[in-house]
2 protein chains.
Amino acid sequence: MADQRLSVECAGNDWCSITATASLIGKKWHPVIIHRLLRTNALGFNELQEDVDGISSKVLSESLDDLEEKGLVDRQVVQDKPVRVRYSLTDLGESLEPVVRSLAEWGEQHLEPAENLV
Amino acid sequence: MADQRLSVECAGNDWCSITATASLIGKKWHPVIIHRLLRTNALGFNELQEDVDGISSKVLSESLDDLEEKGLVDRQVVQDKPVRVRYSLTDLGESLEPVVRSLAEWGEQHLEPAENLV
DNA sequence: CGGTATCCTCATTGATACTG
DNA sequence: CAGTATCAATGAGGATACCG
């Protein structure tokens with residue numbers, strides 16, 4: 001149960017848990033990707049890309065590499081004729097559920113979609 | 001009590017509360033600044049800069065402008081001989097407390113400082 | 001004290017195309 | 001399906017200096 005601890009550097013001289021957390025999931029698409037994986041664990045690359053909506057394959061690929069490297073996301077190759085890959089959250093990734101949920105809830109309560117079309 | 005709602009655009013076609021929230025507080029220093037203001041409301045510019053630790057005056061200034069523009073931070077000029085300014089959170093800014101707290105708590109539980117000096 | 005003004009560099013993104 | 005390659009554009013961030 002996610003009792004591994006990641007070593008994370010911090011700008012400045014003092015270590016700050018917020019800065020450290022932000023360095024892990026503070027990238028533009030990370031919270032959304034994690035949210036989608038929380039909602040539906042084990043998604044394929046293209047499924048995920050559709051779910052995230054707006055992300056390019058390049059950036060999704062980079063983001064997943066980054067999340068995997070940080071131990072938040074697990075990548076499993078399910079060998080078939082055409083390659084099949086499943087992305088899912090690690091225990092550590094799943095432990096972010098409260099964080100992502102609080103982001104989502106705050107947004108739902110305090111924000112609203114901007115009208116940008118006629 | 002913070003029942004104003006901000007209109008926020010979103011990448012992609014679907015509006016997503018997480019992406020929207022991230023567009024507000026997803027900049028590198030925003031969560032930390034908000035955290036410091038939650039801890040000690042009404043700080044001066046230089047006080048804040050020391051509290052944040054590692055941020056340059058330029059970036060702090062830009063960040064505060066951004067947060068003010070978004071209605072999360074309030075800037076009050078307390079006129080003295082030398083100019084005095086107090087930064088504090090708006091109601092909307094204060095409403096981020098659970099979000100920032102969850103970031104901080106997660107970091108405390110799952111991360112640890114990296115040793116980077118001898 | 002509370003910032004701006006430069007200048008510069010690196011990181012991130014977007015668009016597009018291509019591959020096994 | 002699951003990506004990688006390339007290139008161009010943007011912009012966030014750092015260092016430093018300066019001002020009322």
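The figures that follow rest on heavy atoms only: side chains count, while hydrogens, waters and symmetry mates do not. Naming: A, B, ... by sequence-line order, numbering from 1 per chain.
Protein atom CD of Glu62(A) is 11 Å distant from nucleotide atom C1' of dA5(D), rounded to whole Å. What separates NZ of Lys28(B) from C1' of dT9(C) is a distance of 13 Å, to the nearest Å. In this structure, His30(B) atom NE2 and dG11(D) atom P are separated by 15 Å, rounded to whole Å. Across the protein-nucleic acid pair, Asp51(A) atom CG and dA2(D) atom C1' stand 16 Å apart, rounded to whole Å. Atom CG of Asp66(B) and atom C1' of dT4(C) are 17 Å apart (whole Å).
Side-chain atoms of Ser57(B) come within donor-acceptor range of the base of dT4(C), with a qualifying N/O pair under 3.5 Å.
In this model, the phosphate group of dG2(C) is not approached by any side-chain N or O of Arg75(B) to a distance below 4.0 Å at OP1 or OP2. A close approach under 4.0 Å does not occur between any side-chain nitrogen or oxygen of Tyr87(A) and OP1 or OP2 of dC1(D).
Taking the side chain as every heavy atom from C-beta outward, Asp66(B) and His30(B) approach each other to under 4.5 Å.
Lys58(B) comes within 4.0 angstrom of a base, heavy atoms only.
Residues Pro82(A) and Arg86(B) both approach DNA chain C. Their nearest nucleotides, taken by heavy-atom distance, put Arg86(B) toward the 5′ side. Heavy-atom distances to DNA chain D give each of Ala11(A) and Asp65(A) a nearest nucleotide, and the one nearer the 5′ end belongs to Asp65(A). Ranked by how close their nearest DNA chain C nucleotide is to the 5' end, Val83(A) and Trp29(A) are led by Trp29(A).
Expressed to the nearest 0.5 Å, how far CD of Glu97(B) lies from CZ of Arg39(B) amounts to 13.0 Å.
Applying side chain to side chain contact (heavy atoms under 4.5 Å, CB included) to Ile33(A) and the options Leu67(A), Leu89(A), Asp51(A) leaves one that passes, Leu67(A). Partner of Trp106(B) under the side chain to side chain contact (heavy atoms under 4.5 Å, CB included) criterion, out of Val100(A), Ile25(A), Leu24(A): Leu24(A) alone.
Checking dT4(C), dA2(D), dT4(D) against every side-chain atom of Asn46(A), the shortest atom distance belongs to dA2(D). Among the nucleotides dG14(D), dA12(D), dA2(D), the one closest to any side-chain atom of Val59(B) is dG14(D).
Panel note: side chain Thr21(A), backbone Ser17(A); a donor-acceptor pair is recorded below 3.5 Å.
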